[in-house]
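Written out below as structure tokens is the structure these notes cover.
Note that this is a predicted model, so its numbers are computed, not measured.
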Amino acid sequence: MPGIVEDVRKRVSEECLANARTCRRGKCVLHLGNVPEPYLIIDFDKAGSPSRPDKGRCDYLLVADDSGNGHWVVPLEFKDGKADASTVIRQLRDGTCVADRLVPEKKPIAFRPVLIHRGIHPRERDKLRKPENRVRFRGNNQPIRSIKCGGTLPAELNPQK
């Protein structure tokens, strides 16, 4: 099955690509040990980013090809300090709109918006879990997954699970 990584790579500037086994924003880090290869990380804050500078956006977009199992599309938002649910939801939705323009129509796609944080107030976590605050990507309506800084992106993003 042809992958999405090379298709997306052709649509973005090399300047905004990150190639590491971790994503970092401020003091917050996410380990990518479970991400299948090949994968691509687009840093929306770097020059050449496909997101508009005057528009809200998440920090990164991760796309990956899982041989035999499909593709991953994962918008990532990092919060080193206070995580406000409304802001996180808006940023992940804006990043998902960019993903919709970049990612070719392929199936199956495992889509999961992710918040990486140092700590989140229970009230804000409850807001993230509400059904109306899910993030939609091509008909796939997903809740925002919350991972503490220093954590690892889980392997269960696999579309077959």
Side-chain angles (χ1 to χ4, degrees), residues 3-20 22-26 28-32 34-36 38-66 70-106 108-118 120 124-125 127-149 151-154 157 159:
I4 62 173
V5 170
E6 283 310 311
D7 289 336
V8 171
R9 184 183 303 276
K10 292 174 190 173
R11 297 176 182 187
V12 297
S13 167
E14 287 289 324
E15 296 174 289
C16 67
L17 298 180
N19 201 5
T22 61
C23 276
R24 180 180 308 273
R25 203 45 114 225
C28 201
V29 65
L30 175 70
H31 299 282
L32 303 174
N34 291 327
V35 175
Y39 69 92
L40 190 65
I41 304 165
I42 301 166
D43 186 336
F44 285 148
D45 289 337
K46 285 193 175 179
S49 166
S51 66
R52 292 180 21 200
D54 62 333
K55 191 97 163 107
R57 61 197 176 275
C58 57
D59 293 311
Y60 295 99
L61 176 66
L62 179 132
V63 294
D65 295 325
D66 189 357
H71 315 285
W72 289 22
V73 175
V74 186
L76 301 167
E77 176 59 28
F78 286 75
K79 291 297 180 194
D80 199 356
K82 179 183 170 194
D84 173 67
S86 311
T87 303
V88 169
I89 294 161
R90 181 179 37 78
Q91 290 174 307
L92 286 168
R93 284 180 175 164
D94 289 344
T96 299
C97 288
V98 177
D100 194 40
R101 291 192 321 264
L102 290 175
V103 176
E105 294 284 337
K106 304 252 182 171
I109 288 184
F111 170 73
R112 181 56 71 104
V114 177
L115 165 65
I116 302 91
H117 61 87
R118 294 187 69 75
I120 187 167
E124 297 301 310
R125 185 177 10 259
K127 287 180 190 176
L128 291 176
R129 292 180 177 161
K130 287 185 175 184
E132 65 268 21
N133 292 330
R134 290 177 172 222
V135 180
R136 179 177 293 282
F137 179 76
R138 299 181 183 165
N140 189 349
N141 203 17
Q142 288 292 320
I144 297 169
R145 172 174 232 124
S146 175
I147 300 173
K148 282 206 145 208
C149 293
T152 301
L153 197 61
L157 291 176

Within-4.5 Å side-chain heavy-atom neighbours: Arg24 and Val29: yes
Straight-line distance of Arg93 CZ to Glu77 CD, nearest 0.5 Å: 14.0 Å
Side-chain donor or acceptor of Asp43 paired with backbone N/O of Ala18 under 3.5 Å: no
Carboxylate-amine/guanidinium proximity below 4.0 Å for Asp45 and Arg57: yes
Arg125 (side chain) donor-acceptor with Ser146 (main chain) under 3.5 angstrom: no
Point-to-point distance, once rounded to the nearest 0.5 Å, from CG of Leu40 to CZ of Arg11: 12.0 Å
Backbone N/O of Leu153 and side chain of Asn34: donor-acceptor pair under 3.5 Å: yes
Non-hydrogen side-chain atoms of Ile42 and Val98 separated by less than 4.5 Å: no
Taking every non-hydrogen atom, the tightest pair across Ala64 and Val35: CB-CG1, 4.0 Å
Side-chain (Asp7) to main-chain (Pro104) donor-acceptor, under 3.5 angstrom: no
Distance (rounded to the nearest 0.5 Å) between Glu124 CD and Ser86 OG: 6.5 Å
Working for side-chain contact (heavy atoms from CB on, under 4.5 Å), residues Leu61 and Val8: CA-CA 11 Å; Leu61 176 66; Val8 171; 5.7 Å; no
pair Ile109-Asn140: side-chain heavy atoms closer than 4.5 Å: no
Gap between atom CD1 of Ile147 and atom CG of Leu115 - 0.5 Å precision: 9.0 Å
Ion pair check, Arg136 and Asp100, cut-off under 4.0 Å: no
Tyr39 side chain vs Asp66 backbone, donor-acceptor pair below 3.5 Å: no
Minimum heavy-atom distance between Arg112 and Pro75, given as atom pair plus value: O-CD, 3.7 Å
Student check: side-chain heavy atoms of Arg9 and Glu14 closer than 4.5 Å: yes
Minimum side-chain heavy-atom gap Ile144-Asn133 below 4.5 Å: no
Any Val88 side-chain heavy atom under 4.5 Å of Pro113 side chain: no
Test applied, salt bridge (Lys or Arg N to Asp or Glu O under 4.0 Å); reference residue, Asp80; option that passes from Arg118, Lys148, Arg25: Arg118
Side-chain ion pair, Arg138 and Glu105, N-O less than 4.0 Å: yes
Minimal non-hydrogen separation, Leu30 against Thr152, with atom names: CD1-C, 4.0 Å
Shortest non-hydrogen contact from Trp72 toward Ile4: O-CD1, 3.7 Å
Note, Ile41 side chain near Leu76 side chain (heavy atom, < 4.5 Å): no
For the student: nearest non-hydrogen atoms of Val114 and Leu92, plus distance: O-CD2, 3.8 Å
Gap separating the CZ atom of Arg134 from the CZ atom of Arg129, nearest 0.5 angstrom: 12.0 Å
Pro36 versus Asp65, closest heavy-atom pair with distance: CB-O, 3.6 Å
Parallel, tilted or perpendicular: ring planes of Tyr60 versus Phe78, cut at 30 and 60 degrees: perpendicular
side-chain contact (heavy atoms from CB on, under 4.5 Å) assessment of Lys79 paired with Thr87: CA-CA 10 Å; Lys79 291 297 180 194; Thr87 303; 4.1 Å; yes
Heavy-atom check, side chain of Ile116 versus side chain of Asp59, under 4.5 Å: no
